[in-house]
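Structure first, then comments.
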Amino acid sequence: MTSPVPDGPRTPDAGFASDNCAGAHPEILAALTAANEGYQGAYGDDAYTARLRDVVRRHFGDRAEAFPVFNGTGANVVALQAMSERWSSVICAEGSHINVDECGAAEKVAGLKLVPVPAPDGRLTPELVDRYAWGWGDVHHAQPAVVSLTQSTELGTVYTPEQIAALTAHAHERGMRVHMDGARIANAAASLGVPLRALTTDVGVDVLSFGGTKNGLLMGEAVVVLDPAAVRGLDFLRKAGMQLASKMRFISAQLVALLDGDLWLRNARHANAMAQRLAEAVRPLPGVRITRPVEANAVFAVLSSEAAARLREHYSFATWDEQTGEVRWMCSFATTEQEIEAFASALAKALAH
């Protein structure tokens, strides 16, 4: 049998470039195979989506409602659109995914004004929000309607439940709703040792974009509405936003496999543990400086551009800050200790060259 891998030169190992580069977890693939049997209703009228509703309510409370979508950008756009008006603005961290990595989708598709807030550690605070949330009633000013936070943050830090509660209470007092981009919420919950609802429902988050792809799914995320009063027209917006899957059972079956047992937690714990091991392996190397707390599954470090270039002959990874030379190394559920050791060895050689 011929290999399905295309012929050509070997590309640098992408294992530390992003948790998106990992494949799908075997239990997810098994769930997809099982879901492929027989006929099911389309557009969410299927047994797997019905089961997902029960599973999501077990994690997030009796009022929670899940709306499976294709991807994270779609989840964020649909959620924010359902929480706001065309004249609204969304307060978010300057480095947030919706501001930096979604090609302006929230602004182009939802017609919203994003208001980026400098957040040195990736986390918003009530004080930071107050600097940018103003102008209510002024017809010349986009009206602040939503505060969007990311858990875990783009800088690998996590919000504690107390930090989120303070932020949501502050936003609600000012008439704003709170959205959470939870692309890596499982990693945050695993890091803090708390259930998912402790970071969402119990601390006042209104709507969650729940991430599955970075934690083992083949594809698929979900908008999880925690407070039904926070949204309107989400069903229609999901369809109009091209995020309504006809064969939704294949997204829902994956989410059920992830959340019905402890797969979400096992995967996240492993990714976090590998990030800690990676940091421990590279921290003693001369010429490497770990720049940020390793609280989830990301390691940020500074090394010389020459060493980074030599390392990239074998591994691909993101440059986070061109000016400082800061880079990001990500771990996933699929990362192994052997891969950590090989990476650290390659880095040591690159530094010593």
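Below, all heavy atoms of this structure are taken into account, side chains as well, without hydrogens, waters or symmetry copies.
Between Arg58 and Asp260, at least one side-chain nitrogen of the basic residue sits less than 4.0 Å from a carboxylate oxygen of the acidic one, meeting the salt-bridge criterion. For the pair Glu85 and Arg232, the salt-bridge criterion is met [side-chain N within less than 4.0 Å of a carboxylate O].
Listed by chain and number, the residues in a salt bridge (charged side-chain N to carboxylate O under 4.0 Å, His left out) with Arg283 amount to none (sequence neighbours excluded). Asp235 is linked by a side-chain hydrogen bond (donor to acceptor under 3.5 Å, both in side chains) to Arg238, counting only residues two or more places apart in sequence or in another chain.
For Gln254 (side chain) and Ala31 (main-chain N/O), no donor-acceptor pair under 3.5 Å exists by modelled atom type. For the pair Thr150 (side chain) and Asp181 (backbone), a donor-acceptor distance under 3.5 Å is absent. Of the possible polar contacts, one joining the Asn297 side chain to the Cys331 backbone as a donor-acceptor pair under 3.5 Å is found. Using modelled atom types, one side-chain atom of Gln143 and one backbone atom of Asp138 make a donor-acceptor pair closer than 3.5 Å.
Cation-pi contact between Arg328 and Phe317: absent, since separation from the ring centre below 6.0 Å together with deviation from the ring axis within 45° is not met.
Summarising the geometry, atom CG belonging to Leu347 is positioned 11.5 Å from atom NE2 belonging to His314; distances are rounded to the nearest 0.5 Å. A distance of 6.0 Å separates OG in Ser304 from CZ in Arg310, rounded to the nearest 0.5 Å. Interatomic distance, CZ of Phe70 versus CE of Met248, reported as 8.0 Å (0.5 Å rounding).
In this structure, the side chains of Leu226 and Arg197 stay at 4.5 Å or more apart for every pair of heavy atoms. Between Thr157 and Arg292 the shortest side-chain heavy-atom distance does not fall below 4.5 Å. Side-chain contact between Arg63 and Pro228: present, with at least one pair of heavy atoms (C-beta onward) separated by less than 4.5 Å. His141 is listed as a side-chain neighbour of Trp134, based on a closest heavy-atom distance under 4.5 Å. Using a 4.5 Å cut-off on side-chain heavy atoms (C-beta onward), Leu199 and Leu192 make contact.
Closest approach of Ser148 and Leu124 over heavy atoms only: O-CD1, 3.5 Å. Ser152 and Val158 make their closest contact through CB-CG1, 3.7 Å (heavy atoms, listed as atom of the first residue, atom of the second, distance). For the pair Pro68 and Leu52, the tightest heavy-atom approach, listed with the atom from each and the gap, is CG-CD2, 3.7 Å. In plain terms, the two heavy atoms of Ala93 and Gly122 that are nearest each other are CB-O, 4.0 Å.
Using bins of under 30°, 30° to 60° and over 60° for the plane-to-plane angle, the ring pair Phe16/Phe343 lands in the tilted bin. Ring-plane geometry between His25 and Phe333 is classed as tilted, the angle between the planes lying from 30 to 60 degrees on a 0 to 90 degree scale.
Applying the side-chain hydrogen bond (donor to acceptor under 3.5 Å, both in side chains) definition to pairs two or more places apart or across chains, none involves residues 104-115.
With respect to Glu221, the side-chain hydrogen bond (donor to acceptor under 3.5 Å, both in side chains) criterion is satisfied by exactly one of Thr73, Asn71, Thr213: Thr213.
Between the side chains of Thr319 and Arg312, at least one donor-acceptor pair of N or O atoms lies under 3.5 Å.
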